[in-house]
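What you are looking at is a predicted structure, and each value in this text was computed from that prediction instead of being measured.
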Amino acid sequence: RNVCAGRRCPGGGAGALRGDGGASSPLWSRCCRVTGGEMPALVAFGRRWSLAGDDLVFPGAFELLLRVVWWIGILVLYLTYRGQLDCKHGRILPSYILVLIVLLAAIIIILFVIVCVSMQGTITNLRPRRHIPVLIYVRTALYIPELGWAIMGAVLINDETQGCPATLITTISIAVIASWIFLLFTVIAVLVVFDPLGKPKRPGLLPGGGWDLESSESGQLLYTARSLAARVWEYRLKLLCCCIARDADTQTAFTHIGQLFSTFFMDTDLVAGDIAAGLSLLHLEQDTVEQSRELDDEACLDPQPAAAAEEMDGDLETAAHYMRFAAAVYGWPLYIFSHPLTGLCKLNCGCWCCRSQAPDPPEGGGDCLECNFSSMLQTTGLQHRDFIHVSLHNKIYEIPFFVALDHKMEAVVVAVRGTLSLEDALTDLCANCETLNIRGVTGECVAHTGILQAATYIYKKLMNDGILSQAFAVVPEYRLVVTGHSLGAGAASILAILLHSSFPQLRCYAFSPPGGLLSEALAEFSRGFILSIVLGKDLIPRLSLRNAQDLKNKILRIVAHCNRPKYQILLRGCWYEVCGGNPNRFPTGLEEEHRAQLAQPLLAEQSLRVDRSGSHGSISDSSPPHSPFKGPPLFLPGRIIHIVEERRDGCPYFSQAKYHAVWRDASTFSSILISPKMITDHMPDLLLKVLQQLCRETPSILCPSHSPAATDPLPV
């Protein structure tokens, strides 16, 4: 009771709560909320807003620049035409312009003060910015005369004025239009930063100033706050996905995702600008650590046995071949994206040829069926008759796929599409655990809920509709291969597990699969027939609920200990992201002891402890103490080849990238790496290009795992 009495939060400087989990502890964050301690989010007009006091530097400076230019133009106009107006409103216009000059001068002064004050302090040291709310009140009061003067100006310019100089009337018209534009963008900005959950609640305070967290009233408040947050997130999702057809599955997905988001963001008071600054600082710290490890990596470049190199070459060549199928199932959007100059012409020519030769009966696709099928032919190099089934039907938990005959590799290929629609994104975000019982697998068997549902849908289509029976009736001697990219890789992996008992020779090639996919038992079981390929610092293979929580904790910790203003962090971070360079030239402002704390794993150290005798870490059965997400940790499927980009000096956008391949275990992907390439490395066209490049060159196998299982070849 009254656990926070006598303690201050990090926004107030020293004396932050440390004994209950540090800066990343939910109790620490709750303490800062309930005691009225200072936290980054701005509190004004009796509520919390989705921005901080130091977020006003850049928008304030931009508006200040525009206002100064506007003020100078109006001043020049007034000095030019003063005393020379002989028209209907010759007496009113000078007064109007003079008042407008004074009003703009007042706005410029208050904006300058707001920008200067907003630049003070650090993210969690709010004391130098304590006057920001008062300045905002003053600036808001100036909107009243500005609105009145904008209305008066609109009346003046709409009145038929005879004899007034055209330049004067045009300039006043521009000034009036500018006033309304500023007012419109102000309203939009208020709506953007408005926090529906920002209204303060104040049930029974204790005499010492804290709250009684154990009282029934406080407990009811927390429950109500969580429920309200879930409903707000659910409403936002529905608004974002307003064009999606609503059914029971969609409504259930909205509810589950809303609860997930509300749970993830409920225990933190950071705003979007703080998160951006934290990501920038974390990127610099991660690059500094990576650079310091390069010497250790170079010591591992000893030549590996020729057999191991040949096995790696074989796996990469086979993966490059099936990556074309994983890319082809995306259809015409990816094809045109990959071939911006020639893709449209090739598809237009192919669409007419495909109208009468597409697989019958096609599912979904509408008017785009021919173009999708044409792009599949172009990408895979197959003939029309080689496609057994093409399904473009797409809704939540139901994703497109095709079945085709690959005569070159003597395989029946099932290719599953990755994320390409809002329905697919909702399937991705249904990230809870669901049981997947497989005969012969001991231990806890769970998988990603949304992807499991999508894989089950395809499994039923293949088996119940006789699609695979039809394919193997044509080529009974062929083997089954399942492949996909991103969401498709996750669905293909679970589909392979479901089909493995019926097709023991089945092989699966999963390209950039989602990180939170399979429990340890299922991931270990899949090593015999699934090969995962991950490129560089791709975000998706590292993205799981636990890794996201780990990332949030790291951001909280690095933000709490950084002693630089946010605007400096963002400016230096943008320069580093665009131009690259040595990360040591961009100091983060962290003290050495805090940098050492940041380098230590947070959730990862409890959920992934690397065991040198196997491929997976030793997993604790329970979630970390402060994790809001319950259940076992989830892993990438099968064996993993990691394609690593060699470090380049200078600007990363103007130098040729070189890659090498290396065997990894699942623990390598236990944390999210911040990089400008964390999204581009996930693109299927880039992954296909890199795999083809590696097949043309001799891949460098860098420090592979010493576990014998890690280098066992996948039969092809």
Side-chain angles (χ1 to χ4, degrees), residues 312 315-330 399-402 409 411 413-419 424 427-428 436 438 447-448 450-452 454-456 458-459 479-500 503 506-520 522-536 538-544 615-616 634-643 661-666 668-669 681-684 686-688 690-691 710 712-716:
M312 172 73 80
D315 285 334
L316 287 174
E317 289 177 4
T318 308
H321 175 78
Y322 287 114
M323 180 60 209
R324 293 191 292 127
F325 290 80
V329 74
Y330 279 98
I399 55 181
F401 69 97
F402 70 70
M409 304 296 288
V413 181
V414 179
V416 186
R417 197 187 76 180
T419 303
D424 298 334
T427 301
D428 287 319
L436 173 60
I438 300 297
H448 183 291
I451 300 178
L452 174 57
T456 303
I458 298 176
Y459 175 80
R479 61 191 175 89
L480 180 61
V481 172
V482 186
T483 188
H485 171 268
S486 187
L487 168 63
S493 299
I494 298 179
L495 178 62
I497 293 174
L498 295 173
L499 291 170
H500 186 258
F503 301 90
L506 171 148
R507 294 293 173 260
C508 175
Y509 294 87
F511 301 96
S512 305
L517 186 64
L518 301 174
S519 62
E520 182 187 13
L522 288 175
E524 189 65 33
F525 170 72
S526 68
R527 289 177 56 78
F529 54 93
I530 296 180
L531 178 65
S532 294
I533 309 292
V534 179
L535 174 61
D538 187 352
L539 168 66
I540 302 304
R542 296 175 169 85
L543 191 59
S544 65
S615 62
H616 292 278
L634 301 181
F635 296 92
L636 291 172
R639 299 181 305 128
I640 305 168
I641 292 179
H642 187 198
I643 301 174
V662 50
W663 291 105
R664 298 291 193 194
D665 55 45
T668 305
F669 305 94
D681 280 350
H682 187 68
M683 298 301 294
L686 177 61
L687 180 54
L688 175 59
V690 171
L691 282 170
D712 289 343
L714 189 68
V716 295

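- The CG atom of L522 sits 9.5 Å away from the CG atom of L634 when rounded to the nearest 0.5 Å.
- With contacts defined as side-chain heavy-atom distances shorter than 4.5 Å, the pair L498/I438 qualifies.
- Note that the OG1 atom of T318 and the CG atom of L691 stand 11.0 Å from one another [nearest 0.5 Å].
- For P637 against S493, the heavy-atom pair with the smallest separation is CG-OG, 3.3 Å.
- A search for ring pair (Phe, Tyr, Trp, His ring centres under 6.0 Å) contacts involving F503 returns F472, not counting sequence neighbours.
- Smallest separation of non-hydrogen atoms from A415 and V329: O-CG2, 3.6 Å.
- One finds the CG atom of D538 at 10.5 Å from the CE atom of M683 (value rounded to the nearest 0.5 Å).
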Applying side chain to side chain contact (heavy atoms under 4.5 Å, CB included), run through F325 and V414 and close with a yes or a no.
CA-CA 9 Å; F325 290 80; V414 179; over 6 Å; no
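- Here H485 pairs with Y330 under the side-chain hydrogen bond (donor to acceptor under 3.5 Å, both in side chains) rule; sequence neighbours left out.
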Residue pair Y509, M323: steps toward the side chain to side chain contact (heavy atoms under 4.5 Å, CB included) verdict
CA-CA 8 Å; Y509 294 87; M323 180 60 209; over 6 Å; no
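- I451 and G490 make their closest contact through CG2-C, 3.3 Å (heavy atoms, listed as atom of the first residue, atom of the second, distance).
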Trace of the side chain to side chain contact (heavy atoms under 4.5 Å, CB included) decision for I494 with L518
CA-CA 8 Å; I494 298 179; L518 301 174; 4.0 Å; yes
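- Note: L480 CG to L495 CG = 8.0 Å, rounded to the nearest 0.5 Å.
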Is there a side chain to side chain contact (heavy atoms under 4.5 Å, CB included) between V534 and L636? Walk through the geometry before answering.
CA-CA 10 Å; V534 179; L636 291 172; 4.3 Å; yes
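- With hydrogens and angles disregarded, no donor-acceptor distance shorter than 3.5 Å links the side chain of H448 to the backbone of S544.
- Smallest separation of non-hydrogen atoms from Y322 and A411: OH-CB, 3.5 Å.
- Considering only residues two or more places apart in sequence or on other chains, H642 meets the ring pair (Phe, Tyr, Trp, His ring centres under 6.0 Å) condition with F669.
- The shortest heavy-atom contact between L436 and A447 is CD2-CB, 4.4 Å.
- Shown here for A454 and T427, the closest heavy-atom pair between the two residues is CB-CG2, 4.4 Å.
- Note: I530 CD1 to T483 OG1 = 11.0 Å, rounded to the nearest 0.5 Å.
- Here I641 contributes atom CD1 and L316 contributes atom CG; the two are 4.5 Å apart, rounded to the nearest 0.5 Å.
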